[in-house]
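Each remark here refers to the structure printed beneath this line.
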Amino acid sequence: MDDPFDLSDPPPPGRAPAAPAPAAPVEAPYLVGLNDSQRDAVEATEGPVLMLAGAGTGKTRALTTRLAHILVLGKARPWEMLAVTFTNKAAREMQNRVADLLGRPVEGWWVGTFHALGARIIRKHAEAVGLKPNFTILDADDQQRLVKQLLEAAGVDEKRWPPRTVLGVIQRWKDRGLTPEKVTDAEGSEVADGQALELYGQYQQRLKTLNAADFGDLLLLCLEIFQKQPEILKQYQQKFRYILVDEYQDTNVAQYLWLRLLAQGQQNICCVGDDDQSIYSWRGAEIGNILRFDEDFPGARVIRLERNYRSTPHILGAASGLIANNEGRLGKTLFTEEGNGEGERVRVIGVWDGEEEARTVGDEIEVLHSKGHALNQIAVLVRAGFQTREFEERLITLGIPYRVVGGARFYERLEIRDAIAYLRVIVQPDDDLAFERIVNVPSRGIGKVTLQTIHMAARAEGVSLTAAVRSLLETDELKPKMRNALGNLLEDFDRWRRQMDVLDHVDLAETVLDESGYTEKWQRDKSPEAPGRLENLKEMMVALGEFENLGGFLEHVSLVMDNEDNTNDDMVSLMTLHGAKGLEFDTVFLPGWEEGLFPHQLALDDAGLNGLEEERRLAYVGLTRARRRACVSYAANRRIYGQWQSALPSRFINELPPDHIDASVQPGLYGGTAGSGLEEEQAYFGNGASRAFKRRRAQPMIEATWRTADSGAGGGDFSPGQRVFHQKFGYGRIKSIDGSKLEIAFEKAGTKKVMAGFVEAV
DNA sequence: AGGTTAGTAATTTTT
DNA sequence: TTACTAACCT
């Protein structure tokens, strides 16, 4: 992941300027076969354009052709183009398809995810925002641990305010482009005993100390750079002459601001999206961004892609009828090519319980399979992950191969995260979160108490944990056993760091895992998953080998968390509706359409009508994944968390236009009337609405590990001869001072070296 | 310091 | 129901 060119934009050496064709021929080959609106979208290169692309309307084709077109016309050289996506997969596809269109790879253009591009910009100007260029990008787990530490220090009850909740609040602020200074006091007042805003500030402070940024920062810090240093912004503005944004309906405020700053002046920005497929508001996506586009970019052209190449008229009719129940849409009228017949109606099946639903779907799949239907053209799309289980069990029974898409990702596995933590500490000694993760893995006898001591020392001196350990080693604060263990560990670190220059990075990683005893830990482990973990570690080494250095690998790990998809294997796909966005299958099963599950009760609780509309969009996304067959189902009874619950058919079922569906209900459900209504008195999925905002009396302050030491960094407050008190050694008199380390003659414990932060004057 | 047990909570998750 | 965490015991 090197950066072959810098901001000043010299053409990549040895490469001819992207041969600008002498005016595009009237009918360039790549334009053949586009429909009128697609062609419109390709040729409207100047000024702001909103490409409203409905499901299955050939969006990617239009968008990649547009990019190729700009290059062919010579309107921009590759490095003057910026193409932003949400996923690495989408970025990769864009790159490949543009290359296909042009018949050669395009090099040097900025194509990638918001986060990857943000990271790239920040690394270049890191000092401007108080980071070193080698800053760490924290993952979700790191972030949560950090918040947890802050909550503990602030004495917030973690039962009431779980770290993930508080982290969520901080992230939503970041999504909105709000730094701690910009959040209004009132906003955090309900969260974490009113300390949310303060915690946010501390969180950011910690990140700086750790030389780290989280995902939100990858955009926020860009904004900060652009604001603080307008000349840098200007360079980028001049550089990027054509900007293209995919999945615009999923952008959050920070991303919107980022784009708007970059597009200023030039305004050749093309945003592609579909308001009806906005399903990530809970992650900060602002559907308003796409709805407001023509206000934000005056004179914008809106081009609608409405001709659907994917689904049958019945499927499209059902989906369109459903989504028509939403308000505040930009509105599109999807249509299909005529002449292919109408296809099958969308089937709607009501059954007794979840097990029967799984059995029914399984049987259907079996029939399709026996007719020669490819399994990888069949998907079961569920609302929530736990729903896949019943289908898995059924498919196993039937002997039908399947894969669960999504789920645990490679780099999130315990052993991989541990291994990476070792590498992180080596590359970036200030990375406390990584240090903490592996300081006692494998077990070195360093427990809670020792770690606490290290934390206090770090806090007192305002340094990283590694540095604090270094200081502590020169004192008598630690028990000899600990001092020995930590001393060895630090020696190891130092040695590995030295080897970074001489050893190949794969060899180094192997050395580290070997000498640290980490590999051995799993070799000795007798649990059934241990061999798999060792396999994964080997696998990681292979991945590591594909990078030039450790830094590149770590960047990849942070930013490219996607699963490899083996779409080639003939297997049924089980996945969530969210996971299915952007995919298509001949046959799609949509189980669990029940009130409370879909729409999900929590979505309604949290976001009311907006929540309902987003659930409806999710249903729309589900239906429009199907090319030829869609089958919706619901169960009258379902076991959730071991409890049987009865449920009514989803209101979405009633919203499907009768002309496009074919409903069959198992006799005996709901006293014989199917989907007859949604009586309000039913309270499904029990637990009340406002769990998130319950409060409790303030907790007594936890003995502050961090709070105490804020004042006195260094040994400056002490002088020789002074009488002091130490928690462990009692009273004594200072003999000499060496920086933050004091030599003290204790009355009971004898003469010891201790950290200044651990003693108080008496 | 590490293992055991009891209590609790439980969507969606492109980076 | 399961899975994870925090206090608790050894």
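Lettering of chains follows the sequences in order, A, B, ..., and the numbering in each one begins at 1.
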Requested in this report: Name the nucleic acid region contacted by A:Tyr280, choosing base, sugar-phosphate or nothing; use a 4.0 angstrom heavy-atom cut-off, strictly under.
Outcome: base

Query raised in the report: Less than 5.5 Å between centroids and less than 30° between ring planes, does A:Trp282 satisfy that with B:dT12?
Result: yes

Report task. Would you indicate which nucleotide in C:dA6, B:dT14, B:dT11 comes nearest to any side-chain atom of A:Lys148? Result -> C:dA6

Query raised in the report: For the side chain to side chain contact (heavy atoms under 4.5 Å, CB included) test, which of A:Gln143, A:Lys148, A:Gln149, A:Arg145 pairs with A:Pro163?
Result: A:Lys148

Query raised in the report: How would you label the glycosidic angle of B:dT12: syn (within 90° of 0) or anti?
Result: anti

Requested in this report: Under 4.0 Å between any heavy atoms, over every strand shown, what does A:Ala603 touch: base, sugar-phosphate, or nothing? Just pick one.
Outcome: base

Query raised in the report: Nearest of B:dG2, C:dT2, C:dA6 to any side-chain atom of A:Arg389?
Result: C:dT2

Query - Whole-Å gap separating P (B:dT13) and CG (A:Leu602) - result: 14 Å

Query raised in the report: Hey, does A:Arg639 reach any base, or is it just sugar-phosphate, or nothing, if we go heavy atoms under 4.0 Å?
Result: nothing

Requested in this report: Considering just the side-chain nitrogens and oxygens of A:Ser558, establish if one lies under 4.0 Å of OP1 or OP2 belonging to B:dT15.
Outcome: no

Report task. Could you check how far CD1 of A:Ile137 sits from C1' of B:dT15, rounded to whole Å? Result -> 10 Å

Query raised in the report: Whole-Å distance between B:dT13 C1' and A:Met575 CE?
Result: 15 Å

Requested in this report: Looking at every strand, decide which applies to A:Met482 at a 4.0 Å heavy-atom threshold: base, sugar-phosphate, or nothing.
Outcome: sugar-phosphate

Query raised in the report: Quick one: on DNA chain B, does A:Val449 or A:Arg283 contact a more 5' nucleotide (nearest heavy atom)?
Result: A:Val449

Query raised in the report: Is the A:Tyr634-A:Trp593 ring centre distance short of 6.0 angstrom?
Result: no

Query raised in the report: A:Ser443 near the nucleic acid: base, sugar-phosphate alone, or nothing, with a heavy-atom cut-off under 4.0 Å?
Result: sugar-phosphate

Report task. Ignoring backbone atoms, test whether A:Asn88 places a side-chain nitrogen or oxygen under 4.0 Å from the OP1 or OP2 oxygen of B:dT15. Result -> yes

Query raised in the report: If only side-chain N and O atoms of A:Arg409 are considered, is one of them under 4.0 Å from the OP1 or OP2 phosphate oxygen of B:dT15?
Result: yes

Query raised in the report: Please give, in whole Å, the distance from B:dT14 C1' to A:His115 NE2?
Result: 9 Å

Query raised in the report: Quick one: does A:Asn637's side chain have a donor or acceptor within less than 3.5 Å of a partner on A:Trp352's backbone?
Result: yes

Report task. Kindly say whether the aromatic ring centers of A:Tyr280 and A:His578 come within a distance under 6.0 Å. Result -> yes

Query - Whether A:Tyr203 and A:Tyr200 hold their rings parallel, tilted or perpendicular, with breakpoints at 30° and 60° - result: tilted

Query raised in the report: When you match A:Ile279 and A:Glu412 each to their closest nucleotide on DNA chain B, which lands nearer the 5' end?
Result: A:Ile279

Query raised in the report: Does the aromatic ring of A:His600 sit over the six-membered base ring of B:dT11, closer than 5.5 Å centre to centre and tilted less than 30°?
Result: yes

Query raised in the report: In terms of ring plane angle, is the pair A:Tyr641 and A:Phe386 parallel, tilted or perpendicular, where the classes change at 30° and 60°?
Result: tilted

Query raised in the report: Quick one: A:Arg145 CZ to C:dC4 P, roughly how many Å, whole number?
Result: 16 Å

Query raised in the report: So which nucleotide from B:dT13, B:dT15, C:dT1 ends up closest to the side chain of A:Phe215?
Result: B:dT15

Requested in this report: Determine the contact category for A:Gly582: base if any of its heavy atoms lies under 4.0 Å from a base atom, sugar-phosphate if only primed atoms, P, OP1 or OP2 are that close, otherwise nothing.
Outcome: nothing

Query raised in the report: Is the shortest side-chain N/O distance from A:Asn252 to OP1 or OP2 of B:dT15 below 4.0 Å?
Result: no

Requested in this report: Examine B:dT11: is either OP1 or OP2 under 4.0 Å from a nitrogen or oxygen in the side chain of A:Tyr641? Give yes or no.
Outcome: yes

Query - Sugar-phosphate, base or nothing in reach of A:Asp250, heavy atoms under 4.0 Å - result: base

Query raised in the report: Which listed nucleotide (B:dT13, B:dT11, C:dA6) is nearest to the side chain of A:Arg164?
Result: B:dT13

Report task. Say whether, by atom type as modelled, one donor and one acceptor occur between the side chain of A:Gln249 and the main chain of A:Glu286 under 3.5 angstrom. Result -> no

**Report entry** Length of the line joining A:Leu167:CG and B:dT13:P, which is rounded to integer Å
**Finding:** 17 Å

Query raised in the report: Quick one: on DNA chain C, does A:Lys448 or A:Gln643 contact a more 5' nucleotide (nearest heavy atom)?
Result: A:Gln643

Query raised in the report: What integer distance in Å separates A:Glu594:CD from B:dT11:P?
Result: 16 Å

Query - A:Glu158 CD to C:dC4 C1', straight-line distance once rounded to whole Å - result: 14 Å

Query raised in the report: Taking only side-chain nitrogens and oxygens of A:Thr576, does any of them come within less than 4.0 Å of OP1 or OP2 of B:dT13?
Result: yes

Query raised in the report: Choosing from B:dT15, B:dG2, B:dT11, which nucleotide comes nearest the side chain of A:Thr87?
Result: B:dT15

